[in-house]
Amino acid sequence: MTMRYPAEAGVGQKPAFPAWAGPSERLRFLLRYAILAPSRHNTQPWMFEIEGSELRLYGDWRRALKVADPQGRELVMACGAALYNLEVAALHFGHATSIEILAGKNRRDGLLARLALDERRPPTAQEDELFGAIGVRRTNRFAFDARDVPFGVVSGLVREAADQGACLRVVDRTIRPAVSELVAEGARQQWASARFRSELATWSRSNQPGEMDGVPGYAHGLSDSASVFRRVLVRFRTGMSSEERRDRYYALNTRALVALCSRQETPADWFVAGQAMQRVLLRAAAKGLSASFFSQTVEVPSVRARLREALGEVGWPQLLFRLGYGRPLRATPRRPVELVLRSMASAATSQAIVRPMAEAST
């Protein structure tokens, strides 16, 4: 496939890696790939510090979703995905890395992980394939076409998740009707909540240039004019939502429906699940596949418990999503590196930016 690179560097133009510079400048360069990771409502809930050859990753709790994600589970997963992107980019540009996961260690500063640049080595073809997918991966909320996803591709994704420390479960056709009803039930409960609709509206964006986060209207197929009113319509919508009907249909009829599960339910497991999610999504994108999430099934506690039972899963479902062949999409906006990279901060500044994991998990 033809490699594409972040819009910051120009379409089709590979930016020059500063191999001549010190490790801190190399890490800063690599952040342009970390910020392309997915996050719920495109909140981009990460913050980074760099000191020498070490990068520190924090959750930005100012961007936490208090209604959809009160424990910070999806926030931690998004941070895991961002660090995985950076790891893949480092490998592409010739650097091995070492990672220490600190999520759940009750650190008062809210530090989730450390990454250090290690020895130089050439990337493998598989690593280059993952890197090439960073700039083309999209969350695709539209219908997929009727082509089957090859069994070999799906089984390969199952192995990718296992290699990263998670489990990818294919939702069998025999339980698909039950799971699709759970998808609809989750959507029904969320859309019935004024607090959920208000939070969703807060992260809804117009199609106007200059937005740096949130979900623009074009990601839902809205025109420029319709995108301006989406925030108001979402906040005051009542009755059965079109999302409920649509998501039930998609879950029941999609060619490939999969659940990403973790062995345990700890912040460290969430972080690993985020890394595994991104590895699966990148490999799927490299194979020409699109992905779309049914987040409601893991955000509503009662629905998540029933999903776990329906899957016969001894672990914990962290994501439910569909895979298929979709149309090309515009990228959603991203905050520039300058806004997610801070210098070494004082204790007072640190407390203003992050909330300790111990508090986030209560």
Atom pairs and distances, side-chain donor-acceptor, residues 271-285, under 3.5 Å, sequence neighbours left out:
unit_1	atom_1	unit_2	atom_2	d
Q278	NE2	N85	OD1	2.8
R279	NE	E160	OE1	2.5
R279	NH1	Q164	OE1	2.9
R279	NH2	E160	OE1	3.1
R283	NE	E160	OE2	2.7
R283	NH1	Q126	O	3.3
R283	NH1	Q126	OE1	3.2
R283	NH1	E129	OE1	2.6
R283	NH2	Q126	OE1	3.4
R283	NH2	E160	OE2	3.3

- Message: As a quick check of understanding, evaluate salt bridge (charged side-chain N to carboxylate O under 4.0 Å, His left out) for E299 and R304, giving each step before the final call.
- Response: CA-CA 7 Å; E299 291 175 346; R304 189 183 183 207; over 6 Å; no
- Message: Side-chain heavy atoms nearer than 4.5 Å, only ILVMFWY residues, links allowed to pass through others: does that put L91 and L36 together?
- Response: no
- Message: Would a single hydrophobic cluster contain both L341 and L117, if residues Ile, Leu, Val, Met, Phe, Trp and Tyr are joined by side-chain heavy-atom contacts under 4.5 Å?
- Response: yes
If every non-hydrogen atom of [X] is compared with every non-hydrogen atom of [Y], which pair is closest and at what distance?
X: T254; Y: R173; result: O-NH2, 3.3 Å
X: E244; Y: A184; result: CG-O, 3.5 Å
X: R263; Y: G165; result: NH1-O, 3.2 Å
X: L260; Y: F321; result: CB-CE2, 4.4 Å
X: R56; Y: L111; result: CB-CD1, 3.5 Å
X: A78; Y: W46; result: O-CZ3, 3.6 Å

- Answer yes or no: does atom CD of E309 have more than 12 heavy-atom neighbours from other residues, nucleotides or ligands under 6.0 Å? no
- Query: More than 12 foreign heavy atoms under 6.0 Å from CZ of R335: is that the case here?
  - Reply: yes
Does the side chain of [X] come under 3.5 Å of the side chain of [Y] through a donor N or O and an acceptor N or O?
X: R248; Y: S180; result: no
X: Q318; Y: E265; result: yes
X: D224; Y: N207; result: yes
X: R334; Y: N42; result: yes

- Under 6.0 Å between the ring centres of F48 and Y58? no
- Item | Residues clustering with Y250 (ILVMFWY side chains joined when closer than 4.5 Å, directly or via others) | V171, I175, V179, L182, V183, Y249, L257, F294, V298, V300, V303, L307, L311, L320
- Task: Please answer whether the main-chain N or O of G315 pairs with a side-chain N or O of R308 as donor and acceptor at a distance below 3.5 Å.
- Result: yes
- Is there a donor-acceptor pair closer than 3.5 Å between any side-chain N or O of R205 and the backbone N or O of T202? yes
- Message: Go through it in stages, so that I can follow the logic: the residues are E25 and R28, the test is salt bridge (charged side-chain N to carboxylate O under 4.0 Å, His left out), and I'd like the CA-CA distance, side-chain angles, deciding distance and then a yes or no.
- Response: CA-CA 5 Å; E25 284 301 315; R28 187 187 185 284; 5.3 Å; no
- Item | Gap separating the CH2 atom of W270 from the SG atom of C79, nearest 0.5 angstrom | 12.5 Å
